[in-house]
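These notes concern the structure reproduced below.
Along the sequence shown, residues carry numbers from 1. Because the structure is predicted, anything quoted here is derived from the model rather than measured.
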Amino acid sequence: MPDSACRVLAVIPPMTQLNTPYPSTAYLTGFLRSRGVAAFQEDLALALVLRLLSPEGLRDVAARVQAMPEQRRSPAVQSFAAQQDRYLATIGPAIAFLQGRDSTLAHRIAGRHYLPEGPRFSTLDVYVDDEGGDPLGWAFGALGLQDKAKHLATLYLNDLADVLRDAVDERFEFVRYAESLAGSQPTFDPLADALAAPPTLVDELLVQLTHEAVERHRPTVVLLSVPFPGSVYAAFRIAQAIKARHPHVATVLGGGFVNTELRELSDPRVFDFFDYVTLDAGERPLLALLEHLEGRRGRQRLVRTYVRDDAGTVQYVNMMEADVAFAEVGTPTWDGLPLDRYLSLLDMLNPMHRLWSDGRWNKLTVAHGCYWKKCSFCDVGLDYIGRYEGASAQVLADRIEAIVAETGQTGFHFVDEAAPPKALKALATELIERNAGISWWGNVRFEKTFTPELAGLLADSGCIAISGGLEVASDRLLQLMKKGVSVDQVARVTRAFSDAGILVHAYLMYGFPTQTVQDTVDALEYVRQLFANGCIQSGFFHRFACTVHSPVGQNPQEYGVTLAPLPPGGFAKNDVAFIDPTGVDHDALGSALRKAIYNYMHGIGLEEDVRAWFPFKVPKTTVNRRRIERALTGQA
């Protein structure tokens, strides 16, 4: 008999990922079932995309396109209208191919005469060789048929996403859906206006899917976990639909977005949609909430939970209770999710980038929080970073074996902020002893503990790829960031991983406080040398953003910057603008950095002076051209 009278439905709202389930509902469902609660889960992000990208869905889209004046049709919409019959004929088979259910279709797709091609296919023009041959031959060769077809089919879906955006819902994207309505949005007004507006076709289908899920599971509680700003609008639409037809169902909002951006929530309109909003790790707040809903706990004994009180104002209730230990949260379960219907996409022609969008990875956490928790750009004071807790290698290996038995999938993505080397070493040893036979990848700090011997051990246990933050490749700025690594150390660690046959991706940053143009040019030279010396195979430059919870946001004077005042509002609060006295135009530098690293990932321009990537004059690098080579040989 269940210990609880509640029936809980955990929902992944659009949009998260299309190739694998976002893990929050799997964790919560597994935990609640371990405590005797009837718990279920649904991925409405995948369901929505599959409903839209079906013959029936595209016929609805075509009707919207036909109603549009010619002059308002974007190139994507024009291409869709001109090839409408071909899209309707190919969408079902293309989806089946990307789900791995019809691999032989790759021959027709790769031949370039089967799928209709819209504006997204123009990106292939940059790859055409001088003889006018196969533009993708360099990437896939003569035998890479499945991958080539997967890439072409992904472009086909991206064309359709553009059509949905331009003809149906201007907010639509496969990942950042309606992101601007929520991310660092101080006021609830934009979301409220969007939710009060007439529904789009996307909204109508999402509401329909919501009602189907509620009818299927008959929950008394619905949990909506929103990890990103791009999943907030849809979560509110889902809650709105539930409240309209099933007002007795309790709706609960939580997840990564809430934990970072809604920590000072005061707008009562949020509670027209959600009865409860919980912060940080969800296990303890949910146990308290379920007791409350069953009449066994008063409202003032809730844990880390926002409610709207009888006077109509927002109240934060937090009775102090210990969190459920990480070793006791149980094993996540994917039971109830359609694991055979996820789409393996191949967006970028880079072996490391594809891991994020291609393949059905079981997402698992090695430890809760970050063992380092010092980086000045990170939200080190928040629970998801600051509360570090591990579990034994035996417990982790037991979870891995249970997940493989349930899903039949042996691929794992360890989703830690930075997986601890000591725990990885113990886990790798345990996996090898058990002959587990899994493949795994994850994020680490490039610290000296990762010796060639440890890298080899991790590879033997199934490690295929590692990502980590190099951030700004400058020893001065790395010290200011409290990153705890040096450029030379990163070179040696990444080369150890590469030598062990592990792909290495570097997260890179520009625009950090006091970063000069000279710092940026020197950082790019370091990155060039890391690629040229086989230390890293992949990387991505992103612009530094100051958040209110980071050390920079908390103590800007220590980093030589002044924060701009935050606009008033009772909703989201995260990114904060700052004034850097260096006055550098980082946006202008950023486009050159991204262009350079894109070429480096393809082995292009590795011998060129880094100044060649900038469309304006920049200073010569001060870094010796053999700096990384010397670091690797112990001469630096």
Whether His542 side chain and Leu508 backbone form a donor-acceptor pair below 3.5 Å
yes

Kindly give the heavy-atom pair with the smallest separation between Pro568 and Pro186, and that separation in Å.
O-CB, 3.7 Å

Hey, does the side chain of Lys243 reach the backbone of Ile238 with a donor-acceptor pair shorter than 3.5 angstrom?
no

Check Phe578, Phe377, Tyr510 against Phe544 for a ring-ring contact (aromatic ring centres under 6.0 Å, His included) and give me the one that passes.
Phe578

Sub-4.5 Å side-chain heavy-atom contact between Pro13 and Val226:
yes

His211 NE2 to Leu206 CG distance, which is reported to the nearest 0.5 Å
9.5 Å

Is the closest basic N to carboxylate O distance between Asp340 and Arg360 below 4.0 Å?
no

Between Asp166 and Arg64, does any side-chain N to carboxylate O distance fall below 4.0 Å?
no

Is a donor on one side and an acceptor on the other found under 3.5 Å between the side chain of Thr251 and the backbone of Phe273?
yes

Donor-acceptor pair between Arg387 and His368 side chains, under 3.5 angstrom
yes

Donor-acceptor contact present, side-chain Arg304 to main-chain Ala281, <3.5 Å:
yes

Test log, rule side-chain contact (heavy atoms from CB on, under 4.5 Å), inputs Leu181 and Val232
CA-CA 8 Å; Leu181 297 177; Val232 173; over 6 Å; no

Atom of Leu157, atom of Phe174 and distance for their closest heavy-atom approach:
O-CE1, 3.6 Å

Work out which heavy atom in Leu337 is nearest to a heavy atom in Pro21; give both atom names and the distance.
CD1-CB, 3.7 Å

To the closest 0.5 Å, what do you measure between OG1 (Thr210) and CD (Glu212)?
9.0 Å

Working to the nearest 0.5 angstrom, can you tell me the gap between Phe571 CZ and Arg269 CZ?
9.5 Å

Is there a side-chain contact (heavy atoms from CB on, under 4.5 Å) between Gln240 and Asp272 once you walk through the steps?
CA-CA 8 Å; Gln240 183 184 55; Asp272 294 338; over 6 Å; no

Donor-acceptor pair, Asp169 side chain versus Arg165 backbone, under 3.5 Å?
no

Would you give the length of the straight line joining atom CD1 of Ile12 to atom CG of Leu48, rounded to the nearest 0.5 angstrom?
13.0 Å

Would you check if the side chain of Thr29 reaches a backbone N or O of Thr333 as a donor-acceptor pair within less than 3.5 Å?
no

Note, Pro119 side chain near Asp159 side chain (heavy atom, < 4.5 Å)
yes

Salt bridge flag under 4.0 Å for residues Asp203 and Arg171
yes

Taking atom CD of Gln208 as the centre, report whether more than 12 heavy atoms of other residues, nucleotides or ligands fall under 6.0 Å from it.
yes

Under 3.5 Å donor-acceptor, Glu42 side chain and Val11 backbone:
no

Could Arg301 and Glu291 be called an ion pair, given the rule that one side-chain N must be under 4.0 Å from one carboxylate O?
no

Parallel, tilted or perpendicular, judged at 30° and 60°: which one describes the rings of Tyr233 and Tyr177?
perpendicular

When you measure from the side chain of Arg297 to the backbone N and O of Leu289, does any donor-acceptor pair fall under 3.5 Å?
no

Can you tell me if Asp310 has over 12 outside heavy atoms packed within less than 6.0 Å of its CG?
no

Ion pair present between Asp335 and Arg33, side-chain N to carboxylate O less than 4.0 angstrom?
yes

Carboxylate-amine/guanidinium contact Arg263 Asp280, below 4.0 Å
yes

Do the rings of Tyr87 and Tyr156 sit parallel, tilted or perpendicular, given the 30° and 60° boundaries?
parallel

Looking only at non-hydrogen atoms, find the nearest pair between Asn19 and Gly359 and report the distance.
ND2-O, 2.8 Å

Do Glu173 and Met15 have side chains that get closer than 4.5 Å, going by heavy atoms?
no

Nearest heavy-atom approach of Phe121 to Leu152 is CZ-O, 3.4 Å

Distance-only donor-acceptor check, side chains Thr547 and Asp379, under 3.5 Å
yes

Please determine whether side-chain contact (heavy atoms from CB on, under 4.5 Å) holds for the pair Leu279 and Tyr306, giving the CA-CA distance in whole Å, both sets of side-chain angles, and the decisive distance to 0.1 Å.
CA-CA 8 Å; Leu279 291 181; Tyr306 286 104; 4.0 Å; yes

Contact check, side chains of Val552 and Phe512, non-hydrogen atoms, under 4.5 Å
yes

Checking side-chain contact (heavy atoms from CB on, under 4.5 Å) against Val252, which of Thr278, Val8, Leu293 comes through?
Thr278

Check: Gln99 and Leu343 side chains under 4.5 Å, non-hydrogen atoms:
yes

Taking all atoms of both residues into account, what is the closest heavy-atom pair of Arg237 and Pro199, and its distance?
NH2-CA, 4.1 Å

Show your reasoning for whether side-chain hydrogen bond (donor to acceptor under 3.5 Å, both in side chains) applies to Tyr342 and Asp43.
CA-CA 10 Å; Tyr342 285 86; Asp43 188 342; 2.7 Å; yes

Hey, what do you get for CG (Leu345) to CH2 (Trp356), rounding to the nearest 0.5 Å?
15.0 Å

Only pairs at least two apart or in different chains count here, so list each ring pair (Phe, Tyr, Trp, His ring centres under 6.0 Å) that has a residue in residues 23-59.
Phe40-His217

Glu283 side chain to Leu28 main-chain N or O, any donor-acceptor pair under 3.5 Å?
no

Looking at Arg218, I'd like to know if its CZ atom is crowded, meaning that more than 12 non-hydrogen atoms belonging to other residues, nucleotides or ligands lie closer than 6.0 Å.
no

Are Ser357 and Leu346 side-chain neighbours, meaning at least one heavy-atom pair lies under 4.5 Å?
no

Gap between atom CG of Leu18 and atom CG of Leu53 - 0.5 Å precision
8.5 Å

Ion pair check, Glu70 and Arg73, cut-off under 4.0 Å:
yes

Should Phe80 and Val61 count as side-chain neighbours, where that means a heavy-atom distance under 4.5 Å?
yes

Distance-only, no hydrogens or angles: does the Ser79 side chain make a donor-acceptor pair with backbone N or O of Ala76 under 3.5 Å?
no

Determine whether the side chains of Asp416 and Thr365 contain a donor N or O and an acceptor N or O closer than 3.5 Å.
no

Test log, rule side-chain contact (heavy atoms from CB on, under 4.5 Å), inputs Val324 and Arg35
CA-CA 12 Å; Val324 178; Arg35 297 301 177 102; 3.9 Å; yes

Any side-chain heavy atom of Leu253 within less than 4.5 Å of one from Leu262?
yes

Closer than 4.0 angstrom, basic N to acidic O: yes or no for Arg51 and Asp60?
no

